[in-house]
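Along the sequence shown, residues are numbered consecutively beginning with 1. No experiment lies behind these values; they were computed from the predicted model shown. In what follows, every heavy atom counts, from backbone to side chain, and hydrogens, waters and symmetry copies are set aside.
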Amino acid sequence: MHADDILRPSGPWTALRGPVARSGPARTARPRPAAGRGGGAGRGGPGGPRGPRGTLLGGLRQLHRRAKRAWDRPLTAYYLVMGGSLLITVLGLVMVYSASQIKALQNGLPPTFFFRKQLLAAAIGTVMLLLAARMPVRLLRVFAYPALAGSLFLLCLVQVPGIGETINGNTNWISLGGPFQLQPSEFAKLALVLWGADLLARKQSKKLLTQWKHLLVPLVPVTFVLLGLIMLGGDMGTTVVLTTVLLGLLWVAGAPTRLFAGVFGVTAVLAVLFIKTSANRMSRLACIGATDPGDHDQCWQAVHGIYALANGGWFGAGLGASVEKWGELPEPHTDFIFAITGEELGLAGTLSVLALFAALGYAGIRVAGRTEDPFVRYAAGGVTTWITAQAVVNIGAVLGLLPIAGVPLPLFSYGGSALLPTMFAIGLLIAFARDEPGARAALAMRQPGVRWKTMRRRVKKRPSGER
């Protein structure tokens, strides 16, 4: 036997050894590197498991893709409006109950007095929300002009002696008997949004919005009439919010920059004039960023709002454990309820409230940007501007970044006159979000029985006799 025959394997060993069975000198198999010790598999290569860094980056990319798909779903805005407004309202009821007990006892009232009134307003507002969410757009547009006329009538009625009531220096209330009052300026915000949206939509259908005079008339003059009636009562905060709604409508309508800047300039000049002619407003302006109450305690409320936020720390003193609501901080359940929230729930609570308002604002902008109906676009833009601007004015005053304007935090502060029109406006956003492209089909798929019927149709019928 030849020496090569001795070295060359034969029989079944040839199939098992593979390349070693070839003719020529025998090859020594190279040892494979251990996984995770410097080889390609340990570096996240395609041949083996990824390392810690590759796994983390891959997980982040996958999370980003999932989040992007979730934000692009047809029902995202619908659920954001529904969930955000519900959480804000429920948390507001809890904080009204906590912040108003001492105030009620000081006035000789039951500790749950303000909470019960707010709960009743929330119940009525829920009915209004559901009504607005089911109301057709045509009916909303018919309702716009009567709402504006009713708001103008009520604002004029406020200035009639013996009918209008003065609270905290502002004459903007009408007594309804007993403990109930009505503030017409809050309903004027909703009326301006509906009427302005209908007006701009009709002009767009006739292609008139390319002319500056049709953008301004009669929208700007009518808004200035509303502002004048409100300023007769001394309510500068509501005037600021209504002005912001006007600017928001012009912005969504595509007003040229020069025209938009002109309207903004005129309103700014009028605001400076109203502030300069009022010692009370000048003192509020001087309290921006104040850390000391000052002479005659003119900055008492602003400073104690900061004290309340500072006492809360990261996670708060606990629900009901606020110190500032024991007579130190004025209006703890209305204008400065955000400060009590910061004291009792801490930075975590205030950031949660801010996140909810941010989600609500994003959903409104998305609805306004995706719709094809001009009225829906203008109405959604107006409602979003109203709620976000009012939240910024209120929270900015509590933080000492803006002057105290006396406006409530939407859906959160105590006050039925503010809660009812705001919840109706939220109902409009829900209706508009439900009409987004693909949203109705997605909602129909989530109804009981629809998914099962759809799946059953996709199953092919088996031929007879097949088991």
Side-chain angles (χ1 to χ4, degrees), residues 96 99-100 102-109 113-114 117-118 120-121 150-192 224-243 270-271 273-287 296-302 304-305 327 329-337 390 393-394 397-398 402-410 413-422:
V96 165
S100 64
I102 307 303
K103 185 73 173 179
L105 292 173
Q106 289 174 346
N107 294 335
L109 300 170
F113 175 79
F114 295 106
K117 287 183 62 178
Q118 187 74 356
L120 176 62
S151 298
L152 288 170
F153 174 74
L154 291 176
L155 287 173
C156 293
L157 203 62
V158 168
Q159 306 305 321
V160 177
I163 297 180
E165 281 195 22
T166 302
I167 299 177
N168 295 331
N170 294 338
T171 308
N172 285 312
W173 301 82
I174 296 176
S175 177
L176 300 180
F180 298 99
Q181 296 93 19
L182 178 68
Q183 189 175 4
S185 58
E186 293 292 338
F187 293 88
K189 301 172 187 175
L190 177 62
L192 177 61
F224 278 11
V225 171
L226 289 172
L227 297 178
L229 290 173
I230 294 172
M231 282 304 299
L232 285 177
D235 192 354
M236 186 72 180
T238 304
T239 304
V240 171
V241 176
L242 271 177
T243 304
L270 292 176
L273 179 63
F274 282 121
I275 292 174
K276 287 286 187 180
T277 55
S278 174
N280 183 31
R281 299 190 188 105
M282 286 296 297
S283 64
R284 292 187 179 188
L285 191 65
C287 292
H296 307 292
D297 293 334
Q298 65 177 1
C299 298
W300 180 274
Q301 188 174 12
H304 278 270
L329 179 63
E331 307 300 333
H333 59 303
T334 55
D335 301 344
F336 272 70
I337 194 171
Q390 187 165 324
V393 171
N394 179 277
V398 174
L402 295 174
I404 299 174
V407 296
L409 190 59
S413 296
Y414 168 80
S417 293
L419 184 62
L420 294 180
T422 307

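Remark: Ile167 CD1 to Asp235 CG distance equals 11.0 Å, nearest 0.5 Å. To the nearest 0.5 Å, atom CD of residue Gln301 and atom CZ of residue Phe336 are 4.0 Å apart.
Taking the six-membered ring where tryptophan is involved, the planes of Phe114 and His333 are tilted, since the angle between them lies from 30° to 60°.
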Audit row: Asn172, Thr238, side chain to side chain contact (heavy atoms under 4.5 Å, CB included) steps and yes/no = CA-CA 10 Å; Asn172 285 312; Thr238 304; over 6 Å; no

query = What's the verdict on side chain to side chain contact (heavy atoms under 4.5 Å, CB included) for Met231 and Leu270, showing C-alpha distance, side-chain angles and the deciding distance?
reply = CA-CA 11 Å; Met231 282 304 299; Leu270 292 176; over 6 Å; no

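Looking at Pro408 and Glu186, their side chains come closer than 4.5 Å, going by heavy atoms from C-beta outward.
Every residue meeting the side-chain contact (heavy atoms from CB on, under 4.5 Å) condition with Leu176, not counting sequence neighbours, appears here in chain and number order: Phe180, Leu182.
The closest side-chain donor-acceptor pair between Ser175 and Glu165 falls under 3.5 angstrom. Judged purely by distance below 3.5 Å, without hydrogens or angles, the side chains of Thr166 and Thr171 pair a donor atom with an acceptor atom.
The two atoms that bring Thr422 and Pro410 nearest to each other are CG2-CB, 4.3 Å, heavy atoms only.
In this structure, Thr277 contributes its side chain and Phe274 its backbone to a donor-acceptor pair below 3.5 Å. Side chain of Gln118 to main chain of Ser413: a donor-acceptor pair is present (N/O by atom type, distance under 3.5 Å, no hydrogens or angles).
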